[in-house]
Structures are given as C-alpha cells and as structure tokens.
Amino acid sequence: MEHDFKKIEPKWQAKWEEAGAFRAGDDRSKKKFYALVEFPYPSGAGMHIGHVKAYAGLEVISRKRRMQGYNVLFPLGFDAFGLPTENYAIKTHVHPRVATDRNIEKFTMQMKKLGFSFDWSRTIDTTEEGYYKWTQWIFLKMFEHGLVFRDKTLVNYCPKCKVVLSNEDSQGGRCEVCKSEVVQRSKDVWYLRITEYADKLLAGLDSVDYPANIKAQQINWIGRSTGAFVDFTLTGTDEKLTIYTTRPDTLFGVTFMVMAPEHPILDKYRDRIANFDAVDEYRAFCAKKTEFERTQINKDKTGVRLDGLTARNPVTGKDIPIFISDYVMMGYGTGAIMAVPAHDERDYAFAKKFGVDIIEVVKGGDISAAAYTGDGEMVNSGFLNGLDNKADSISRMISYLEENGIGKAGVQYKMKDWAFNRQRYWGEPIPIVHCPSCGMVPVPYDELPLRLPELTKFEPGEDGESPLASIESFVRCKCPKCGGDARRETDTMPQWAGSSWYFLRYIDPRNDERFADPELVRYWMPVDWYNGGMEHVTRHLIYSRFWYRFLYDIGEVPFPEPYLKRSAQGLILGPDGEKMSKSRGNVIDPLDIVASYGADVLRTYILFLGDYGASAPWADNGVKGCRRFLERVAALTDIAKGSGSTPELSKDLHKTVKKVTDDIEEMKFNTAIAALMTLLNRISEVGKMTADELRIFVKLLCPFAPHLAEEMWERLGCDGFVSLSDWPEFDEKMTVDDEIEIAVQINGKLKGTILIPADADRDAVLAIANSDPKIAALLDGKTVVKEIVVPGKIVNIVVR
RNA sequence: GCGGAUAUGGCGGAAUUGGCAGACGCGCUAGAUUCAGGUUCUAGUCGGGGCAACUCGGUGAAGGUUCAAGUCCUUUUAUCCGCACCA
C-alpha cells in the first residue's frame, strides 16, 4: 500500500470526530489518567512548531494509556485574555471578543490537522463569561479568607503599555510584553498574599514527581532564608530600627548600618540629619539610574553617611554610623541591614570605601585582605567566644536576643506578594465595589460573573487608568452592603489568573452551579502528568499550585497538590541552531510540513529528533528520513499478504513491544521510534511476516503515526479503530535470546566475541572462551591471574 | 557570584546505568534501477596504519578508583539556561 497521507489524514480525523473516539468517558469505575498540556494563547499568528512538540509528548502517552484501558482525559483549551489581543484591538478597532473567537477557531482548525487525540468536547476559553465567573469566584473566596489586600506602594510600571507589572513580569527591568524600560511609580495595588503560602508551596514539592531542576528553580524562586530580626536603637531616641540578618552570630562584628535610600524612617528624622540635602541628592541619583546600572554587581558601592544620626549596637553597646546606599533594597527584609564588614563581601567593599572599622569575629581568614565568609571559631564576641559551630553560635545569639527583648528568630522569602491588578480592558474585572462608608465590598457571589462592559475604545486612560474607568454605567453602582452610591473597581486581573485553575474546569466545563462537580473532581484530580515549557516553571506553575492549595485549604478540592508529575519539552531551534524568530527568518511552519509530508511524518520526526527534554535544531533532511520510514511501513501490508509463519521474527517483535512500551513511559520517544525502525529493517531482511505480526507493529506505531496506523488497520480487515484497540503485550521470556554473543577481553582489551547459551554458568562460559582458537592463541604461554565472568555481559581474563 | 544543566563521528543523537562506544536517522562514497532529475535498492562510512586477516588510538582537558570508565571520584575548560547587591 502507498502512504497517501493527503487522503488518509482527513479521512481518519473525520472518523474520529464523528465517533467521538477520544472523549473522556463517564465510567468512573475505570482507572483514570489525566494528561494536561499547557493551553495556548490564541495569538493571531496561529500555531507554532513549538506547540506541536509541547503536545506531542503527552499525546503519545495518552494514546498508549487509552489502548491500555485507562479512561483518559486529554483536553485542550485557550488562555485567551491578555495584551496582544488588546493591543490588536487598539490598533484595528476589532473588538477583542471578535479577534479572540477568530483566533481560537483558526488555532483549533490547525490543531485538528495534526490528529492529536484531544477531547475537543471539553475545550475551554478563559474569556468566556461561564469561565471567568469562576475565576472571579475563587478571587472572592481569597478575599473572604484575607488573602487579598490593597496597598499603596512603589510598583513596576510600563510607560508604553501603561500598566503595573508584577516583579515576575518585569524581570531585568524590562516589560515582559513590550520590552520597554520599567519605571517605579506609586500606585494602589491589589495583592494576593502568596507569601503566606511560601512554606506550603515549598513543603508540597516533597510529595510530587517533578524533575530536580524544576524543583530547584521553584525553591530558588521562593528563596526561603532563616535568620533573625534584630532591633537597633537610634541613639538618643526610642526609635527601633529593625533589621533582618541570616548571620546573627556575627552581631559583635557590626560596625555600621545601611538603609535603603527610600527607607521611610529617614523622613521622620529629617530634622536630626544635618546633611539631609545630601540624602535628597543621593535619592535623586538612585532614582535616575537605569536598571542596567543598578544591577551591575561589581560596581563601586555608593552611599551617604548620615550626619547626626547613629545607632547603638545592641550587644556591644557601641554607637555606630548609619549610611544610606542602594545596595540595600526596600523590597527585601526590612529595608535596613546591619553591616559586618569582616565577614560579608559587600559590607567589606563599602567599609573600605567609607573608612569604617572592620572587626573580625570569625577566625579563619585574613580580614586585612578580604572579607572571610567561611566558618571558624568565634572571637571578639563576648559570650560567643570559643564556639566554632555556626549553628550553635546562631541559636545561642537568638536565645540571647529573645531573652533580652532585642530580637527574635525570623524567616524571609525572596518571593513577594503577587501584584494582581492591571489597568487593562481584556481581563477579568476585579469584583470589588468601593463604598464611601463600607470600604471595599465584594460583589455578591450570586451576581457573578461581573461582566466586562461593551466598549469601542480600548486605550488606557492618560494616567494609566483602566479603559473601564471611562464607562460611567459600569463604574457607578450601589454598595451591596449598605445600598448607598458606590464605585466599582475598574482594574482587571493579570493574564496569570485564568491559567491558575483551568485544569479543574476541563473536568466539568459547562457546569454553571460550581467550578466543577466535586464528585468529578474527586475522580479526575490530581492531574497525573503535566507537560509544559521551562519558561512557566516559576510563575504559572507556582501560581497555580498556590490557587489549588488555597482551594484545598478551604475544602473545595480533595488533594493539596494539583500535579503529580511534571515534565518539560525542549525547544525546537531553527535549522541554523538559533532560536526560531521571525526576524531571523528561520521559522518552520508546521502547516507547511503537514502539507508536504503529512501530520504523521511531522509528529514522528519531532519526537525522533532527540531527547524530548532537550533543545535540538530542525533539520529538513531529517524529515525526509521519517517520511521514508512511514512509506516503508505502509508497504508492509504487501509483505504481510499470504506470508507463512516467521519464527525468526517473533523474538524481535517481543523485544520491540517491550522497548516501545518502556520507552514511551520515560518520554524516550526517539529510541522508541528507532526500535520500530530497527524492527522494520529486520522485517525487510526476513522478507515476510504474518498479518498478526503486522497488527502488533501497527498498534505500536499508532501513538506516533495514528492516521497511517488506522489505514493499515482497516486494510488488514480489522474492525473499529486501532486507536481504541488494546496495547500489545509482550512475553518477558520471548525478549531474551537462547544464545547470546558476549565480548571476551584480555587485560581489559576486547579480543573477540563468543556465542554462549544464555543460561551458561561461569565454568561453561570460561570453557567456551578458552576453546575459542583466537583467545587460546593469545593465552598461550601466559599465566592467568584472574578470570572475571559477568553473566550475559562479558568475560575478562587477566594474564601476566 | 549562586543555582541547574550540557559536552560522544561531518550532523541529530544511542549506549539495558560500571561490561563489545557510535544503535537509529541524516549526510557522504561507490554500485544497481531510471532517458534524466527525484525515488528505490545494495555495499561502505570514528581516526591512524595495513591488500587483508588485523592492529593502535579514541566520548571537552588532566589526574584517580577498578579486572573493566562515555558512565564513579578529584581538578579543570567551554557552552547554554535560570536567579542575581536577597543582608
């Protein structure tokens, strides 16, 4: 048979759809398998080759699990709120709703050409009212439980997009969306108290199967550190200046303090600081530094010594100078530090520059040359002198601080609370009403969804206000509590909101009473396997674990962690080995490949390319190799016609079933496909096979090239879909050979190979090795010192 | 600086986890088929030496452990990714 992909691919796609072949079943007595892939943003550009690789992995695993008898849930939806669509609306005046629907339709049509076994009946769209109703519902639950708060703070603000950005969205001082430089601005910001969940998010990692590097990134992101809060008193006042330190053991070595330039206490003591004009000047200097300059680490330390304001070291009782410097940041700890120049590199550099005392308190280094950050015996440290265990010194000091009421043990996180509002149209409206007498009042649950009002102009207001603020009919409302005149919140949620719980909605996508039926949630959750990109490991993955954990804490879901197992696919690079980008002109369009080679070839090639988790460049010639493979496979229907039994193939077949079965589980798709190729070569060599044997081959092929598999299945006269047939079993006994070839080494060097019975014992193996003419000749006249026999592997004879 | 990875033929990559390095595919070489291009088929393809059987060397580099190292240990170099003055 010929591989006429242009004919067979649409044919089987239509048949699958008509039969609802891949709908997740209702039979809850069956074992379930929930496979989740990160849902796409439906951009106008449509499907990218990266989407194909991202979904192909769990596609193969889902297809295999379905054939193994699992009830499989493998859905796809759309994360459709977000800036690109809104910016498109601003430019073209096409309503985001219209553009989103159009893009989703296009994307869906493109995806369907690949023959992925998604359950399209469960598709969701985060911008539908029936969906964001529940996004708002979860937000209100968080509000109810005190996890939402509002604060006026300096925020990252993108002047081009006119929106407030979270720290995550403004990494490196650049706006995530438009890459323009982010500036600091004072604003009212909605926060989600994710820091309250920091410890739970850390602890939860112990119970899930994520790759070590992903766990490490999350741990790093949460950035938990333990230490102590210590109160220093400003000399001559009752004012306590609290600092956070991880090294309370070095308190005797504190010779100065440093505050962030923005520290509010400065203004309170403006009158006492004789050189406040220098403070103002330094603040202005810091404010106008570019983000690039600010993140240069080895730059000179700058700062200003406060004239007239000192602090008292609470353990030595000595007065020490206070500086302001931008190497201390307001956003971490308390915005002020104790400086121990002898044992901290930054403090050391600063002390050298400003001529402050450096007092050694930990022995082991040469503090006249550099800061010593290692461990050692405590010196110049009062009651700590002589201790040489850091942990002991720290706990001794913390006890002292606590007994004397000057400090306490404490924990800090690098992770910050989640800035949760955007001044944008195309997002979920925040369902809160501002009432002059009641304050912030949640929209009652039975009034959800709070719908986005119709709009024709989508530009943000001049001072960065949400476009919603200009719609009087939306803004003006009655307070749900007192009934008085009130105003609605006009900001919307960030794009991360909708994706923080979408996996729950697939379970019961049209439910209007709840986000999902609890019984169905109990059956389908947790997600068994979640695959996605490395770029979402620290944001989406943490946010969604946070939301899910919250729902668990309030009894809405039955497990604390949403995803049992996580994997990540590598990028497909352009043929030039560079990241694919329009500007480089190295973009491969998956639809072009489908048009000229077919979806089966594209799927097979993408998985054959290399390690699924690693990045690899696209190679046009490699695609041809996979086409050749599938064409030769198609031709097997001719070989299988009327052939007799083929005992020489049966072991190879069992071995291949085992190899493919095992490799798919480990996402080693490349070697699974290689095993199929090897078997194909073997079949060509033998020149015949039975129809039964071909059926097994076709089943193994099905997860990778399902259209061709179905067509061959039909040609073989089988009923139903091979996609829904049973996965082939293998007989462990048939995967081992009766006679095996092993290597014979002399002094560790390969000298020959021998054929031995698989069950031969040590003596038998040695006898065969010694009787091999070549080996015997080499051993002649030598003294055998040692004979090593590893059953089934190797013989090594050590001679002198 | 910290954290995580990676390094194997001309290329993408294999190697049952310490046991015959280079599976499978691409590319290349030669031959066959074809009017020709393409396709298909056969043989070869890590490097040096040899007509050959064979032999010596070989997994970024240098040491080490071991009968045996791509795999384990120590040191080191390069590249990539993430975080980054986190007190």
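Side chains included, hydrogens not; waters and symmetry mates left out as well; all remaining heavy atoms used. Lettering of chains follows the sequences in order, A, B, ..., and the numbering in each one begins at 1.
- Backbone-only contact: A:V798 has heavy atoms under 4.0 Å from sugar-phosphate atoms and none from a base.
- Phosphate contact (OP1/OP2 of B:A14, side-chain N/O of A:N670, threshold under 4.0 Å): present.
- Annotated as syn: B:G9, whose O4'-C1'-N torsion sits within 90° of 0.
- Between A:E38 and A:R566, at least one side-chain nitrogen of the basic residue sits less than 4.0 Å from a carboxylate oxygen of the acidic one, meeting the salt-bridge criterion.
- Put simply, the side chain of A:N796 and the base of B:C67 share a donor and an acceptor less than 3.5 Å apart.
- For the OP1/OP2 pair of B:G1 and a distance below 4.0 Å, the side-chain nitrogens and oxygens of A:R346 include no atom meeting the criterion.
- Nucleotides B:U42 and B:C46, compared at atom C1', are 23 Å apart to the nearest Å.
- Within 4.0 Å (heavy atoms only), A:D344 reaches no atom of the nucleic acid at all.
- Across all strands shown, A:S615 has heavy atoms under 4.0 Å from sugar-phosphate atoms exclusively, and none from any base.
- No donor-acceptor distance shorter than 3.5 angstrom exists from the side chain of A:R627 to the backbone of A:Y597, with no hydrogens or angles considered.
- Aromatic pair A:Y327/A:F350: ring centres closer than 6.0 Å.
- Applying the 4.0 Å criterion to OP1 and OP2 of B:U40, one finds that A:R628 has a side-chain N or O inside that range.
- One atom, CG of A:L679, and another, P of B:G25, lie 12 Å apart when rounded to the nearest Å.
- By the rule that a glycosidic angle within 90° of 0 means syn, B:U40 does not qualify and counts as anti.
- Note on A:M534: nothing from the nucleic acid sits closer than 4.0 angstrom, heavy atoms only.
- Side chains of A:M734 and A:L653 form no contact here, defined as non-hydrogen atoms less than 4.5 Å apart.
- At a threshold of 4.0 angstrom between heavy atoms, the contacts of A:Q745 include nucleobase atoms, whether or not backbone atoms are also involved.
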